[in-house]
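Notes to accompany the following structure.
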Amino acid sequence: MPELPEVETVRRGLKKLLPGREVQSVKTDWPKSLQGSKADVQQFLLGARIEAVHRRAKMLLIELSSDYTLVVHLKMTGQLVFQSDKERFGAGHPTDSLAHKLPDSSTRVEIAFTDGSRLFFNDQRKFGWIRLLPTPELEHLPLFQKLGPEPLDPSFSWQQLRAMLQRRPNASIKAALLDQTVISGIGNIYADEALWGAKIHPTMPIRSLSLVQIKRLHGELISILQLAISKGGSTDKNYVDAKGKKGSYLHFARVFRREGQSCPRCGNAIIKLRVSGRGTHVCPVCQKLKSPRAAKTEANQ
DNA sequence: CACTTGACCTGTCCGC
DNA sequence: TGCGGACAGGTCAAGT
């Protein structure tokens, strides 16, 4: 569930909390959650200092002084939560805050720093992972090389979106938006929200999209992602930021998880479909299945 | 080759 | 109350 806005929110939190800290010890009880040889962990993680925290697509990159990077993918239920020395020993007031209660039953990896603070990787469903990889090699790995453009990069243009989409002319627009090699960082929530904003039906084949629709979609993707970041992302069940705080975007969502409720634009009931294997929310009135041109041709017959 | 389905996992919810 | 099954959805591998 963590998509670009959630991962970006975590990054902004960790960026203020992690740089400068030195790794003292690492624990895991689930090998897939922390991938890397024992020797590499010993040599390049223990004793290393955190230099910076970056994001690429839905991945977090925690850059270490050893020229290695911890690459983190939260997948569905992953959390990266920082616990200060004070929180660890129960000082401070908010006893209901998540950081006070860690580790818990979903904790898969625990990284302790020399100053007594800790970073927890929690992941109920165990789909997520942390990989220890050499920093200079990252850009050459297929994992990164195949990724599509970052939608919030200032250079991301509608022409670029069109060019990437055209690589899959027969796919549905929803399937293409979820494809990380077409565009980075979009998941099920923001795909549905952006398509509603652009008034495009999710099953529409890319080849039948008009230029106007592509331009509208480009604008909607950017504005939805920016709005979601400003709300701290979306929390359905699990997602929290680096301090254990939930995101509030779903409170503002227009179609996602709102089947049966009325469309904020036209008042008709939102319906839920299944498109390329995913729950998909649409306004059947605002988001026409046929392009205006096809509908016109049909009307003339 | 393009697209779909299954696997990876666990907690929650629904019907019986 | 308990139990089985469907469902949630990011990504890769396997299948059509």
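Small disclaimer: the values here were computed from a predicted structure and weren't measured. In what follows, chains carry the letters A, B, and so on, assigned in the order in which the sequence lines appear, proteins first and then strands, with residues in each chain numbered from 1.
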NA contact type, [X], heavy-atom cut-off 4.0 Å: base, sugar-phosphate, or nothing?
| X | result |
| --- | --- |
| A:Lys272 | sugar-phosphate |
| A:Ala175 | nothing |
| A:Trp129 | nothing |
| A:Asn170 | sugar-phosphate |

Per side-chain contact (heavy atoms from CB on, under 4.5 Å), A:Ile62 is matched among A:Leu132, A:Val71, A:Ile130, A:Leu119 by A:Leu119
Once you round it to whole Å, what is the distance between [atom2] of [N] and [atom1] of [X]?
| X | N | atom1 | atom2 | value |
| --- | --- | --- | --- | --- |
| A:Asp179 | B:dT4 | CG | C1' | 13 Å |
| A:Lys32 | C:dT11 | NZ | P | 17 Å |
| A:Asp123 | B:dC8 | CG | P | 16 Å |
| A:Leu4 | C:dT11 | CG | P | 11 Å |
| A:Phe144 | C:dT11 | CZ | C1' | 14 Å |
| A:Glu259 | C:dC7 | CD | P | 13 Å |
| A:Ile206 | B:dC3 | CD1 | C1' | 12 Å |
| A:Leu273 | C:dG9 | CG | P | 13 Å |

Taking the six-membered ring for Trp, does A:Phe127 stack with B:dC9 (centroid gap under 5.5 Å, planes within less than 30°)?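 So A:Phe127 does not count as stacking on the base.
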[atom1] gap between [N] and [M], integer Å:
| N | M | atom1 | value |
| --- | --- | --- | --- |
| B:dT12 | C:dT11 | P | 24 Å |
| B:dC9 | C:dC3 | P | 24 Å |
| C:dG9 | B:dC3 | P | 22 Å |

Which listed nucleotide ([options]) is nearest to the side chain of [X]?
| X | options | result |
| --- | --- | --- |
| A:Arg257 | B:dC8, C:dT11, C:dA8 | C:dA8 |
| A:Lys75 | C:dT11, C:dG9, B:dT10 | C:dT11 |
| A:Phe256 | C:dG9, C:dT11, C:dG10 | C:dG9 |

Going by distance alone, is a donor N or O of one side chain under 3.5 Å from an acceptor N or O of the other, for [X] and [Y]?
| X | Y | value |
| --- | --- | --- |
| A:Arg88 | A:Gln83 | no |
| A:Asp123 | A:Thr77 | yes |
| A:Tyr239 | A:Glu3 | no |
| A:Ser172 | A:Thr203 | no |

Can you tell me if the side-chain N/O atoms of [X] get under 4.0 Å from OP1 or OP2 in [N]?
| X | N | result |
| --- | --- | --- |
| A:Arg274 | C:dG9 | no |
| A:Arg278 | C:dG10 | yes |
| A:Gln180 | C:dG10 | no |
| A:His73 | C:dT11 | yes |

When you compare the side chain of A:Phe120 with that of A:Glu110, does any pair of heavy atoms fall below 4.5 Å? yes
Chi angles and distances behind the side-chain hydrogen bond (donor to acceptor under 3.5 Å, both in side chains) call for A:Arg131, A:Gln35: CA-CA 5 Å; A:Arg131 292 177 190 167; A:Gln35 302 174 14; 2.9 Å; yes
Contacts of A:Gly277 and A:Arg167 projected onto DNA chain B by closest heavy atom; the upstream (5') one is A:Arg167
Open item on the list: Please compare A:Met76 and A:Leu143 by the position of their nearest nucleotide in DNA chain C and report the one closer to 5'.
Closed with: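 The residue closer to the strand's 5' end, by nearest nucleotide, is A:Met76.
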Between N or O atoms, less than 3.5 Å apart, protein on one side and nucleotides 12-15 of chain B on the other: list the pairs.
none

Should the side chain of A:Arg125 and the base of C:dA8 be counted as holding a donor-acceptor pair, with the cut-off at 3.5 Å? yes
message: Parallel, tilted or perpendicular, judged at 30° and 60°: which one describes the rings of A:Phe44 and A:Tyr68?
response: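 Because their plane-to-plane angle is under 30°, the rings of A:Phe44 and A:Tyr68 count as parallel.
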With side-chain hydrogen bond (donor to acceptor under 3.5 Å, both in side chains) as the criterion, how do A:Thr107 and A:Asn122 come out once you've worked through the C-alpha distance, each side chain's angles and the decisive distance to 0.1 Å?
CA-CA 4 Å; A:Thr107 298; A:Asn122 300 330; 2.7 Å; yes
For DNA chain B, the expected dot-bracket line (Watson-Crick or G-U under 3.5 Å, [ ] crossing, | inter-strand) is .|||||||.|||||||
Margin query: Tell me if the centroids of the rings in A:Phe156 and A:His218 come within less than 6.0 Å of each other.
Written below: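 Ring centroids of A:Phe156 and A:His218 are less than 6.0 Å from each other.
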Is the side chain of A:Asn188 donor-acceptor paired with the backbone N or O of A:Gly279 at a distance under 3.5 Å, no angle test?
yes
